[in-house]
K.L.:
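Starting off with a structure, shown below.
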Amino acid sequence: MSEIESVRKGKGTIFLRKEVCKGCSFCIDFCPTHCLEFSIEFNQKGYHFPLLARPLDCTGCDLCGLYCPDFAIFGVKIKDLEKRRTSPEPLIPAKG
Amino acid sequence: MSDDLALDIQNPVMQLLRQDRIPHIWCPGCGIGTTVNCFVRAMLESGLNLDNVAVVSGIGCTGRVAGYINLDSFHTTHGRAIPFATGMKLANPNLKVIVYSGDGDLSAIGGNHFIHAARRNMDLMVVCVTNFTYGMTGGQVAPTTPLGPTQTTMPYGNFENPFNLPFLADACGAVYVARWTVFHVRQLAKAMKEGLSKRGFVFIEAISPCPTLYSRRNRLGDGADQLKYYKERSIVKNGADTKDVGLTFQGDITVGKFVDRERPTWLDSMNGHFSTHFKEKYKIYGGSHGED
Ligand SMILES: Cc1ncc(C[n+]2csc(CCOP(=O)(O)OP(=O)(O)O)c2C)c(N)n1
Ligand code: SF4
Ligand code: SF4
Ligand code: SF4
């Protein structure tokens, strides 16, 4: 979690489950602010995964989350972090 | 940044996925997972009561979607997702039924069901992931394969004229027809959300990379390279005449919302017809379209 603290100056941050990433680079190639880069490290399956290389540039727009075909990464706006942590979105929204 | 499996903030898509089944079987750079992101976001924003939503697919890589969505979902036989979905919808008109299908599944073995469901304006939303090939079975030619590319069953390149699926759906009477690519994630999610709110036969085509078979066999690079091609060569033309939106190998891709109209659904027509015929002896059959 310390890394989260260090990026708080930016507007957003990412969350990543690196073990389910398959290294397709969609998030890296299509992030509007180009703030992600591949790790040098491999995950357990042998793929390079994204790292938030330029945390100040991340806006938390979650476009990486929309692109990621493996549901491995998503973005959150810093201003929403606390809210998301304390009251996770309801499982079935609206009338359900 | 956090990378353990128990994140304290959840990815919003996880709410509607069977998490025990992730990681999924799709190859690195396959676009099917991206369409699922769009679909889940559309569902979450749709305001539908998700207890009344069902997802049906046939067989294929795309057919696996039903198995990953944490709603009532059915993995039926190859090509038969539409008849299965039709049966569900007519037996319980309160349901909102979505068919999630591969292009081969939908337009080859399932082609007949597709045209008739559109003709009848059956109240279904059909999402077609078009990757121009039969993914699951090893890259055979599909009815959507454009002229030119090599496939396992077309070793010297495809010479069969392909379907233009939006045109087919439009000609048969679909009330909503849109096409986007996996590059256009926001637009695709919006189209799906709109489609969920329509009554009648909705057809949404998502052009998607199959890096393992289609791209590799034709030296098109990986999934991200296909997304870059979609980005460069897509032309947004809402309201385009669907007869002009056919696709060529690595050529321009016309995307947008092509058709949005109203037409009585099959149940509306049946109710209208029998009410006229039998007058007050006939009791209207129908439900609420998944809204309560
Ligand atoms: C009745 C029947 N015929 C053939 C098959 C073999 N089969 C399985 S998946 C498939 C095609 C899948 O292609 P598509 O629908 O385009 O989906 P994709 O895998 O590309 O997502 C075929 C022919 C089958 N399972 N059942
Ligand atoms: S949240 Fe937006 S800005 Fe941040 S990494 Fe993801 S796509 Fe880039
Ligand atoms: S989009 Fe997802 S799977 Fe692809 S590199 Fe990024 S995190 Fe990994
Ligand atoms: S074979 Fe093609 S369609 Fe199937 S999962 Fe792999 S990339 Fe996707």
Side-chain angles (χ1 to χ4, degrees), chain A residues 1-4 6-7 13-30 36 39 41 43 45-47 49-53 55 58 61-76 80-86 88-96, chain B residues 1-17 19 22-24 26-38 40-41 43-53 68 70-71 182-186 188-189 208-209 211 222-228 231 291-292:
Chain A
M1 282 303 120
S2 58
E3 281 172 78
I4 285 200
S6 72
V7 299
T13 188
I14 58 154
F15 286 77
L16 174 75
R17 291 166 68 190
K18 73 169 188 229
E19 295 310 336
V20 294
C21 166
K22 293 183 189 151
C24 69
S25 87
F26 286 8
C27 57
I28 298 172
D29 291 349
F30 299 106
L36 301 171
S39 62
E41 246 182 286
N43 67 10
K45 292 212 194 77
Y47 297 111
F49 49 88
L51 290 175
L52 190 51
C58 176
C61 67
D62 193 32
L63 207 63
C64 49
L66 258 174
Y67 274 112
C68 178
D70 286 276
F71 321 117
I73 192 173
F74 63 102
V76 180
D80 296 338
L81 269 180
E82 271 324 301
K83 192 177 72 195
R84 290 278 290 272
R85 199 170 273 144
T86 47
E89 277 147 77
L91 213 59
I92 305 287
K95 296 171 223 163
Chain B
M1 206 178 78
S2 170
D3 54 24
D4 58 331
L5 286 169
L7 298 176
D8 58 350
I9 296 184
Q10 276 290 309
N11 189 338
V13 292
M14 283 303 165
Q15 305 174 65
L16 287 190
L17 296 183
Q19 301 191 25
I22 311 292
H24 56 55
W26 298 314
C27 308
C30 174
I32 299 172
T34 305
T35 70
V36 172
N37 277 326
C38 300
V40 168
R41 278 164 169 85
M43 296 277 260
L44 292 174
E45 287 176 18
S46 68
L48 291 173
N49 174 357
L50 299 182
D51 286 341
N52 285 345
V53 175
Y68 294 121
N70 197 8
L71 291 172
V182 162
F183 168 72
H184 301 92
V185 278
R186 293 229 192 270
L188 183 59
S208 167
D222 57 18
D225 290 318
Q226 279 295 284
L227 264 66
K228 285 175 200 156
K231 181 180 176 183
E291 268 135 26
D292 54 37

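Order of the sequence lines fixes the chain letters, A, B, ..., with proteins taken first and strands second; residue numbering starts at 1 for each chain. Only this structure's heavy atoms are used, side chains among them; waters, hydrogens and symmetry mates stay out.
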K.L.:
Please classify the contact of A/F30 with chain B as side chain, backbone, both or neither, using a heavy-atom distance under 4.5 Å.
P.N.:
side chain

K.L.:
As a quick check of understanding, evaluate side chain to side chain contact (heavy atoms under 4.5 Å, CB included) for B/N37 and B/V185, giving each step before the final call.
P.N.:
CA-CA 8 Å; B/N37 277 326; B/V185 278; over 6 Å; no

K.L.:
Counting only heavy atoms closer than 4.5 Å, note whether B/C38 contacts chain A via side chain, backbone, both or neither.
P.N.:
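Backbone plus side chain of B/C38, per the 4.5 Å heavy-atom cut-off to chain A.
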
K.L.:
Below 4.5 Å from any heavy atom of chain A, which atoms of B/L17 appear? Answer side chain, backbone, both or neither.
P.N.:
side chain

K.L.:
How many angstroms lie between CG in B/L227 and OG in B/S208, if you round to the nearest 0.5 Å?
P.N.:
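Result: 8.0 Å between the selected atoms.
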
K.L.:
Can you tell which part of A/D70 gets under 4.5 Å to a heavy atom of chain B, answering side chain, backbone, both or neither?
P.N.:
both

K.L.:
To the nearest 0.5 Å, what is the distance between CG (A/L81) and CD1 (B/I9)?
P.N.:
4.5 Å

K.L.:
Between chain B and each of A/G75, A/S25, A/C24, A/G65, count heavy-atom pairs under 4.5 Å; write down the option with the most.
P.N.:
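Most heavy-atom pairs under 4.5 Å with chain B: A/G65.
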
K.L.:
Any carboxylate oxygen within less than 4.0 angstrom of a Lys/Arg side-chain nitrogen, looking at A/D62 and B/R41?
P.N.:
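So A/D62 pairs with B/R41 through a salt bridge.
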
K.L.:
Is it the backbone or the side chain of B/K228 that comes under 4.5 Å from a heavy atom of chain A, or both, or neither?
P.N.:
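Contact with chain A is through both the backbone and side chain of B/K228.
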
K.L.:
Looking at A/P69, is its backbone amide N or carbonyl O close enough to the side chain of B/H24 to form a donor-acceptor pair, meaning the two atoms are under 3.5 Å apart?
P.N.:
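Answer holds: yes.
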
K.L.:
For the pair B/L44 and B/L16, evaluate side chain to side chain contact (heavy atoms under 4.5 Å, CB included) and give the outcome as yes or no after the intermediate values.
P.N.:
CA-CA 9 Å; B/L44 292 174; B/L16 287 190; 4.0 Å; yes

K.L.:
Between chain B and each of A/I73, A/I28, A/L63, A/N43, count heavy-atom pairs under 4.5 Å; write down the option with the most.
P.N.:
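Ranked by heavy-atom pairs under 4.5 Å with chain B, first place is A/L63.
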
